[in-house]
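Okay, structure first, notes after.
This is a predicted model, so every value here is computed, not measured. Here, residue 1 is the first one in the sequence, and each next residue gets the next number.
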Amino acid sequence: MKLTLINANKSFDGWLKQYTHVSRVLACEMRFSIFLPPQTARGQSVPVLYWLSGLTCTDENFVQKAGAFRKAAELGIALVVPDTSPRGENVADDEAYDLGQGAGFYLNATREPWSSHYHMYDYIVDELPTLIEESFPVLDIRSISGHSMGGHGAITIGLRNPDRYRAVSAFSPISHPTQCPWGQKAFRAYLGDDIAAWGAYDSSLLIQQAKVQLPLLIDQGGADPFCDDQLKPESLLAAAEEANYPVMSRYREGYDHSYFYISSFIDEHLAFHHSYLYPKA
C-alpha cells in the first residue's frame, strides 16, 4: 500500500509523521500518525504502542494533547495513532456525534449502509499493523491502549487477540457497551438486533471467556460525568474478579474525561507498557 506523507515534525529527537493511505478493508482513504523515537534514527527497530481514540476524535487529538512524546522517546516506543472510523463523501454517516464518522467503535459492521466501510476491527488488528511493520523500523512486538470508545476498542481487541499484544491499558473505557446508551445505539445500527452478536465487542463479557490473561491496566477519573451511565467500569472489574482475571485499576479522584486527565497519567501508562514491550531477561 502506498503511503502519502502529509506532515512531519521533529519532537524530542524523534519524528512525528502523519500519513494517508487507501485502506482495502475500509474501502476509503485513511489517515494515521506515527511517532518514531530517536532510537530508530540510530538503526534500532522498536516495539509499537497502538493508541485508539474516542468518540468524535481523529488521530490529532492524542497527538496534540496527550503529551506522550517525551516519555515515548525516552523509553524507545513507537506510537501509532489511527483515525476512529472510515471517512469520506461516499462513507455512511449520521448527524449525531455518537454514530457514523468519528464513531466507528472498532468493530466490523454487518448491516448496511455501514457494512460497506465500517470494518475498524479488521483494520486495527490486521491491515494497519501489517502496513506499519512493512513501512517503518518497528518490531512485531505490540501493545494497545485507548480512551473512552478507544479504551473499549483496546480492551476488546486485546482480549480477542492475546497472541498479538503484550499488554493492554485504557483510560475511561466504555466497559459494558451492551448495557449503556452509546453502545446499544451503535451496536444496533452496526450489528443489528441480534444481541448475542454484540457480545463479541463487550469487554465485561469477553473477559469472562478469556483463555489467556494479558496484563491489563484500567484508569478511571473520579469526576468523569460519563462514568455511571456510559462507562460502567465497575461491571468490568466485577467480571474480571469473577473470572479470576487480574486487573490493575487506578481511580483518580477529581479527574474528568478530558485530555487534561490523560496527559496527567500517560507517562505511567507508557512505563507500564514498556515493562512488557521490553521484558527483562
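Note that the CG atom of Asp83 and the OG1 atom of Thr20 stand 11.5 Å from one another [nearest 0.5 Å].
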field: Derivation of the side-chain contact (heavy atoms from CB on, under 4.5 Å) call for Thr4 and His21
entry: CA-CA 6 Å; Thr4 300; His21 72 101; over 6 Å; no
Stepwise side-chain contact (heavy atoms from CB on, under 4.5 Å) test for Ser172 and Phe226: CA-CA 9 Å; Ser172 313; Phe226 304 114; over 6 Å; no
task: May I have the step-by-step check of side-chain contact (heavy atoms from CB on, under 4.5 Å) for Val63 and Leu79, ending in yes or no?
output: CA-CA 10 Å; Val63 165; Leu79 303 175; over 6 Å; no
- prompt: Between Lys71 and Glu268, does a salt bridge (Lys or Arg N to Asp or Glu O under 4.0 Å) hold up when you go through it step by step?
  reply: CA-CA 9 Å; Lys71 193 67 172 179; Glu268 186 175 320; over 6 Å; no
query: Run the side-chain contact (heavy atoms from CB on, under 4.5 Å) check on Leu191 and Tyr201 step by step: do they pass?
result: CA-CA 10 Å; Leu191 303 172; Tyr201 303 102; 3.9 Å; yes
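The side chain to side chain contact (heavy atoms under 4.5 Å, CB included) test with Tyr50 is passed by exactly one of Ile124, Leu128, Val125: Leu128. When each of Leu270, Leu139, Ile141, Leu75 is checked for a side chain to side chain contact (heavy atoms under 4.5 Å, CB included) with Leu277, only Ile141 meets the rule.
Note on Leu3 and Leu16: same hydrophobic cluster, where clusters join Ile, Leu, Val, Met, Phe, Trp and Tyr whose side-chain heavy atoms are under 4.5 Å apart, directly or indirectly. Note on Tyr278 and Val168: same hydrophobic cluster, where clusters join Ile, Leu, Val, Met, Phe, Trp and Tyr whose side-chain heavy atoms are under 4.5 Å apart, directly or indirectly. Both Leu216 and Leu237 belong to a common hydrophobic cluster when Ile, Leu, Val, Met, Phe, Trp and Tyr are linked at side-chain heavy-atom distances under 4.5 angstrom. Residues Phe105 and Ile195 share a single hydrophobic cluster, defined by chaining ILVMFWY side chains whose heavy atoms lie under 4.5 Å apart. Linking ILVMFWY side-chain heavy atoms closer than 4.5 Å, directly or via other members, places Phe12 and Val46 in a single hydrophobic cluster.
The backbone N or O of Gly192 sits less than 3.5 Å from a side-chain atom of Trp198, completing a donor-acceptor pair. Judged by distance alone, the side chain of Gln39 and the main-chain N or O of Ala73 form a donor-acceptor pair under 3.5 Å. Side-chain N or O atoms of His117 include one that pairs as donor or acceptor with a backbone N or O of Leu26 at under 3.5 Å. Between the side chain of Asn161 and the main chain of Asp163, no donor-acceptor pair closer than 3.5 Å is present. A donor-acceptor distance shorter than 3.5 angstrom exists from the side chain of Arg142 to the backbone of Arg164, with no hydrogens or angles considered. Looking at Gln230, its side chain does come within 3.5 Å of a backbone N or O of Trp182 through a donor-acceptor pair. Judged by distance alone, with hydrogens and angles left aside, the side-chain atoms of Tyr245 form a donor-acceptor pair with the main-chain N or O of Leu214 at under 3.5 Å. Side-chain atoms of Thr84 come within 3.5 Å of backbone N or O of Cys57 as a donor-acceptor pair. Checked by atom type and distance alone, the side chain of Asn108 pairs as donor or acceptor with a backbone atom of Asp122 at under 3.5 Å. The main-chain N or O of Gly153 is found under 3.5 Å from a side-chain atom of Thr156 such that the two form a donor-acceptor pair.
Arg160 and Ala200 make their closest contact through NH1-O, 2.9 Å (heavy atoms, listed as atom of the first residue, atom of the second, distance). Counting all heavy atoms, side chain and backbone alike, His273 lies closest to Ser145 at NE2-CB, 3.9 Å. Between Ala170 and Ile155, the closest heavy-atom pair is CB-CD1, 3.9 Å. Taking each heavy atom of Gln101 and Asp93 in turn, the nearest pair found is N-OD1, 2.9 Å. Taking both residues in full, the closest heavy atoms of Gln179 and Lys232 are given as O-CE, 3.0 Å, listed atom of the first, atom of the second, then distance. Phe272 and Ala167 get closest at one heavy-atom pair: CE2-CB, 3.9 Å.
Donor-acceptor pairing under 3.5 Å is recorded for the side chains of Tyr261 and Asp219. Of the N and O atoms on the side chains of Ser11 and Asn9, not one donor lies less than 3.5 Å from an acceptor on the other residue. Using modelled atom types and a 3.5 Å distance limit, the side chains of Glu134 and Thr130 yield no donor-acceptor pair. Residues Asp202 and Thr178 have side chains that bring a donor and an acceptor to within less than 3.5 angstrom of each other. Using modelled atom types and a 3.5 Å distance limit, the side chains of Ser53 and Trp51 yield a donor-acceptor pair. Counted by atom type alone, His257 and Asp224 present one or more donor-acceptor pairs between their side chains at under 3.5 Å. Neither side chain, Ser23 nor Glu29, offers a donor N or O lying under 3.5 Å from an acceptor on the other. For Asp59 and Tyr19, the side-chain atoms include no donor-acceptor pair closer than 3.5 Å.
Residues Asn90 and Cys28 fail the side-chain proximity criterion, which asks for heavy atoms closer than 4.5 Å. No side-chain heavy atom of Ile218 sits under 4.5 Å from any side-chain heavy atom of Met248. Using a 4.5 Å heavy-atom cutoff, the side chains of Leu5 and Gln18 are not in contact.
For Phe35 and Phe69, the ring centers sit closer than 6.0 Å to each other. The six-membered or imidazole ring of His269 lies near that of Phe171, with a centre-to-centre distance under 6.0 Å.
Remark: Arg24 is not positioned above the aromatic ring of Tyr123, lacking an NZ or CZ atom under 6.0 angstrom from the ring centre and at most 45 degrees off the axis. The cationic group of Arg111 does not satisfy the cation-pi geometry with Tyr118, failing either the under 6.0 Å distance to the six-membered ring centre or the 45° limit from the ring axis. Cation-pi check for Arg252 over Phe265 is met; the charged atom lies under 6.0 angstrom from the ring centroid and within 45 degrees of its normal.
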